[in-house]
Trainee: 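This is the structure I have questions about; it appears just below.
When a ligand or atom number is given, it counts from 1 through the structure's own listing order. As the structure is a computational prediction, the values presented were derived from the model and not from experiment. We number each residue from 1, following the sequence as shown.
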Amino acid sequence: MKDVFVSIRGRVLLNAEALNMTESVGNYVKHRRVPMVIREDDGTYVVYFVPAISGESVAHGFQKIISEKSKEADPPLPLCKLCEKGIFLKSSNSSIFKESFGTSLSKVRDGADIEEIIVGNCVVEDIGGFLYAEKENIKRTSNFFTGYMVPTQESLRNVVIEPQLHSRYALGTKFVREKGQMLYYVEITSSLYTFSIDMDTRYIGKLTFNIDTAGKQVVSGDERRRRIEVLLDSVKTLLVENGFGAKKTRFLPIVDWESIVIAASDKPWVVPSPFTRDYIERTRKKLEKISYNTDIYIFEGGSFEAFVADAIENIKRRVAG
Ligand SMILES: [Zn+2]
């Protein structure tokens with residue numbers, strides 16, 4: 001078995017989406033916005049506030065898929081009691097730890113042991129990291145990395161956010177006669193968004209926190225391989241089933257992937273930013289100069305789902321060796 005670093009960058013057209021809402025002010029629900037600075041043609045830099053989907057939102061969707069795939073694995077892979085329900089409190093204090101793993105920490109001697117219990121018994125926290133914040137702080141960095149989905153450079157200046165009016169009560173019923181119609185607004189938007197996620201299998205199933213024990217493998221080699229397979233299957237599902245974002249029961253967006261690049265390497269090798277249109281060309285140029293046994297898979301049209309499925313199967317074969 002061989003470890004792999006997978007880097008994915010893409011551009012996805014999302015229409016009529018409300019995938020990442022922030023606060024509601026009275027009956028008005030706001031879409032997340034971020035400031036973006038871009039260079040104008042005259043060399044000045046201008047800030048635009050534009051709709052965005054946070055990395056936390058993408059990570060939540062991804063970890064939910066990892067949890068489901070771990071349960072479906074044959075035999076199932078271990079999950080704590082909270083992560084198996086999609087509640088990612090992730091060992092943030094001693095009472096959550098006790099609830100998650102059904103054991104108190106009284107027998108645990110030092111930081112490495114706490115990490116060992118968590119990594120050994122929960123695939124989501126092994127892959128997605130955790131922060132145990134008690135008197136003693138124990139941190140495990142996530143083995144995948146994602147960030148904000150933002151409008152691409154050429155769509156950024158023209159993107160708009162539109163509040164859509166909805167009413168909850170029907171006219172002609174006593175509820176409306178007594179209280180009036182209940183009106184509410186939901187901000188929706190449409191844009192060509194960037195998408196980014198990287199993942200590194202090096203530390204999966206291994207300790208990382210305590211300097212004396214870092215690198216020690218705490219699950220069997222076979223289980224480690226199966227956890228990496230779950231990670232790869234999960235990213236496939238994240239992409240082909242649009243597993244990111246919320247509010248999808250009534251604001252299911254129209255999704256169209258324009259392009260995506262998937263790279264698999266022996267060491268960290270990231271695909272250049274998809275913010276500008278030329279990222280595929282820059283990916284090819286980078287590969288001419290820098291390669292860590294890097295394979296790249298490029299999608300620019302056709303069946304997105306078939307492309308992703310093939311690329312991930314190839315990466316699984318690469319990992320199997
Ligand atoms: Zn967990």
Trainee: Using the rule ring-ring contact (aromatic ring centres under 6.0 Å, His included), only one of F307, F195, Y193, F299 pairs with W257; which is it?
Mentor: F195
Trainee: Please, which pairs that meet salt bridge (charged side-chain N to carboxylate O under 4.0 Å, His left out) have at least one residue in residues 42-71, sequence neighbours excluded?
Mentor: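 As it turns out, there is no salt bridge (charged side-chain N to carboxylate O under 4.0 Å, His left out) pair with a partner in residues 42-71 once direct neighbours are skipped.
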Trainee: Taking D3 first and then R224, would you say they form a salt bridge - that is, a charged N and a carboxylate O separated by under 4.0 Å?
Mentor: yes
Trainee: Does any donor atom in the side chain of E187 or Y28 lie under 3.5 Å from an acceptor atom in the other side chain?
Mentor: yes
Trainee: For the residue pair L79 and S67, what are the closest heavy atoms and their distance?
Mentor: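 The pair with the smallest heavy-atom distance is CD1-O, 3.4 Å.
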Trainee: I need the protein N, O or S atoms closer than 2.8 Å to the Zn ion (ligand 1), given as residue plus atom name.
Mentor: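 Hits for the Zn ion (ligand 1) below 2.8 Å: C80 SG, C83 SG, C122 SG, E125 OE2.
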Trainee: For R157, I'd like to know if atom CZ has over 12 heavy atoms of other residues, nucleotides or ligands within 6.0 Å.
Mentor: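 Yes, because the 6.0 Å sphere around CZ of R157 holds more than 12 heavy atoms from other groups.
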